[in-house]
Protein chains: 2
Amino acid sequence: MEPTRVRAPSIRDVARLAGVSYQTVSRVLNDSPSIKPSTRQRVLQVIDEIGYRPNQAARALVTSKSRTIGVLTSTTAHYGPTTSLRAIEDAARAAGYVVSTTSMVTGDPGSVTESLEHLMAQAVEGIVVIAPQVRVFDAFRELALTVPLVTLDSTAADSPRSMAVDQVAGARLATRHLIELGHEEIIHLAGPRDWIEAEARMHGFLVEVRDADLRTHPPILGDWTADTGYRVGHELLGYRDFTAVFAANDQMALGLIHAFLEAGLDVPGDVSVAGFDDIPEASHYWPPLTTVRQDFAELGRRAVALLLSQLEGTTEVDHRQVTPELVLRSSTAPPR
Amino acid sequence: MEPTRVRAPSIRDVARLAGVSYQTVSRVLNDSPSIKPSTRQRVLQVIDEIGYRPNQAARALVTSKSRTIGVLTSTTAHYGPTTSLRAIEDAARAAGYVVSTTSMVTGDPGSVTESLEHLMAQAVEGIVVIAPQVRVFDAFRELALTVPLVTLDSTAADSPRSMAVDQVAGARLATRHLIELGHEEIIHLAGPRDWIEAEARMHGFLVEVRDADLRTHPPILGDWTADTGYRVGHELLGYRDFTAVFAANDQMALGLIHAFLEAGLDVPGDVSVAGFDDIPEASHYWPPLTTVRQDFAELGRRAVALLLSQLEGTTEVDHRQVTPELVLRSSTAPPR
DNA sequence: TCTCGCAATGTGAACGTACACATCAATGAA
DNA sequence: TTCATTGATGTGTACGTTCACATTGCGAGA
């Protein structure tokens, strides 16, 4: 039987075994310049032998840096945010940061504040907000937080700093595609009201429709789910003066198609449907979905780069918007 | 202009302003029993006034408890794991723990070790592994980690502790459903080889098929993606001695259906397809997908409860497997 | 030969908190 | 009255690390 392990080895244990002072060990750990190579090697060997791990708490205490990045995300498990989140984690880890995630209930104002408080209580050094809603900025201003904040998918002009896919351009791409096919009555199924990206996509749609001098139907507000797409699809069947629908994400597009097919309509024969996001399943929907692709992972990586540049003031950041791309598949066609 | 904030208020600042010793403040913070109500109130008021926040690093240093739970997940953004993850975060937060997530590249052995090291370097008090692969346990044993580990979706007998949906039962439900419809040639499109849940579903399928004295086709190994389902679907079209396919998840089922419909087959007329997971989109696939529903969120909550019971030795945990449920839709029917 | 300068290393704090123990007043029983 | 008991609070110390500031040794230039 092993003796009871009383306590993890500390920097002093390493120092004693290597025959140097604790400060020398500290210098090796933080690779300080003036350490004799032989000394460094001896210290590193002892560290390896006894399995020493620096105590993060002690480090954080004395440097008052937690090396933690907080991520605020929505509770719902959408593809885009999740993909960005993974990319954020990877990028942060590569830069020596730890990521602590917390989710807020969409639509609950208290939840945003509470989540931000939770992150601040952990002394995060910076915050990334994924898929932000207007409300987040309000809460942020209200709390007067003292750490840098970066947002994803936000094109809000008043955001402290944001890294975004050009949602407006993406929406225009999809809308123009439908217009060029010859559609003159296009309906937009938008995302929830206070979501900034939903707002941007809606704006892109409206601009493009207006530019083409088409009649503007007021966009319908959805909640990103396929269920809502399905319900809205059913309602739309009531009035037939449209030949195409542009949904603000792929899931709602799927629901729409379901409703149309179920009613005996042909997609894209009777109605064209375009989505947004290009989730991995979109190419296997029936019919395969025409949609707008955005690089969620790249977005996450850039967000971290942007945050780090504010934290460490070193790296130059590519601050341009990520450009989305139209992916043509089989759910859109010229009107009959 | 505000003067430069030199340093965050500490417990001593609170003590001075409240006219008590720092120890008294500490007691209030950890709600110790013997504090005069009037004193407690005075201290709390000062805390509120100056916006004091306990320094987690100092706390962690002295208690040698980080109050952090590490979560190890796969890089790919699947619905199930993501949903469980959100539930884990919520449950952990409710219990006063912080969650730090890290992802491993599926199929890369080094990545598992590296991710575990990363979590240990943060001094996490416990680890939850989502969607584990056999390899994780190997790495875990190898590192001889000193914190409790809980796994999700694992029915491996040798896991330290696991919280699972009864995958075998779920697979049997789906398979039996196809058999009862009259199918005699059923193919199983399984998940990747070393995924424990893939193994379990495959096992459930084989048991049920054997019980019914049907001819056993060797399961085909997939990678959970719709793309693979599509490719396999195409290959299957080569030999027609099957009337039904049971896919190990919904995405692969979607890909299969895509391949079949594209080839002019009718689903479920010519081929029945059943999936697993019941992701929110499954009911809007065309045709709506018959699948097996599992409660990912409940799984996450129970995993945290299990972990906390090991960390704090208090709560009694419901350790039964979560029971999955068959959801009948339109992608399955009797064979022609 | 002496001293200056630099490379390499060491010493004494301090970070903010919780624990163990000490202190003090008030209370009640002997 | 005296002393043990208890409730309420205070004092000293340790946690493991980094920072600021010594201190040493050695080679080069005067």
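- Residue contacts for B:T39: at a heavy-atom cut-off of 4.0 Å it reaches the sugar-phosphate backbone alone, with no base atom in range.
- The separation between B:I35 atom CD1 and D:dA8 atom P is 8 Å, rounded to whole Å.
- Summarising the geometry, the separation between NZ on A:K65 and C1' on D:dT17 is reported as 15 Å, rounded to the nearest angstrom.
- Closest contact between the side chain of A:S34 and the listed nucleotides C:dT11, C:dA14, C:dT9 involves C:dT9.
- One can place OH of A:Y52 at 10 Å from P of D:dG16, the figure rounded to the nearest angstrom.
- Here the P atom of nucleotide D:dA8 and the CZ atom of B:R42 are 14 Å apart, to the nearest Å.
- Taking side-chain N and O atoms only, B:N30 has a distance below 4.0 Å to OP1 or OP2 of C:dA18.
- Atom CZ of B:R40 and atom P of D:dG7 are 15 Å apart (whole Å).
- Nucleic acid contact class of A:P33 (heavy atoms, under 4.0 Å, all strands): none.
- Side-chain contact between A:V20 and A:R42: present, with at least one pair of heavy atoms (C-beta onward) separated by less than 4.5 Å.
- In this structure, A:V25 and B:T24 both approach DNA chain D, and ranking their closest nucleotides by distance from the 5' end singles out B:T24.
- Between B:L29 atom CG and C:dT17 atom P the separation is 8 Å, expressed in whole Å.
- For the pair B:V71/B:T102, no side-chain contact is recorded, criterion being any heavy-atom separation below 4.5 Å from C-beta on.
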Tell me, with the steps shown, if B:R93 and A:E114 meet salt bridge (charged side-chain N to carboxylate O under 4.0 Å, His left out). CA-CA 11 Å; B:R93 167 144 62 128; A:E114 193 193 322; 3.6 Å; yes

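- In this structure, B:R27 and B:A57 both approach DNA chain C, and ranking their closest nucleotides by distance from the 5' end singles out B:A57.
- Remark: the A:Q45 side chain and the A:E49 side chain contain an N/O donor-acceptor pair separated by less than 3.5 Å.
- One finds no side-chain N or O of A:S26 lying less than 4.0 angstrom from the OP1 or OP2 phosphate oxygen of D:dT17.
- A:D90 and B:S103 form a side-chain donor-acceptor contact under 3.5 Å, judged by distance and modelled atom types alone.
- When the side-chain nitrogen and oxygen atoms of B:R59 are compared with OP1 and OP2 of C:dA18, one or more of them lie within a distance under 4.0 Å.
- For C:dG16, the base has no donor-acceptor partner in the side chain of B:R53 [N/O atoms by modelled type, under 3.5 angstrom].
- Between C:dG10, C:dT17, C:dC15, one nucleotide has an atom nearer to the side chain of B:S10 than all others, and that is C:dT17.
- Taking atom CD1 of residue A:I11 and atom C1' of nucleotide C:dT11, one finds them 14 Å apart after rounding to whole Å.
- Toward the 5' end of DNA chain D, the nearer of the two residues B:Q23 and B:A58, judged by each one's closest nucleotide, is B:Q23.
- Per the geometry, CG belonging to A:L61 stands 11 Å off P belonging to D:dT18, to the nearest Å.
- With D:dT9, C:dA13, C:dT17 as the choices, the nucleotide that has an atom nearest any side-chain atom of B:N55 turns out to be C:dT17.
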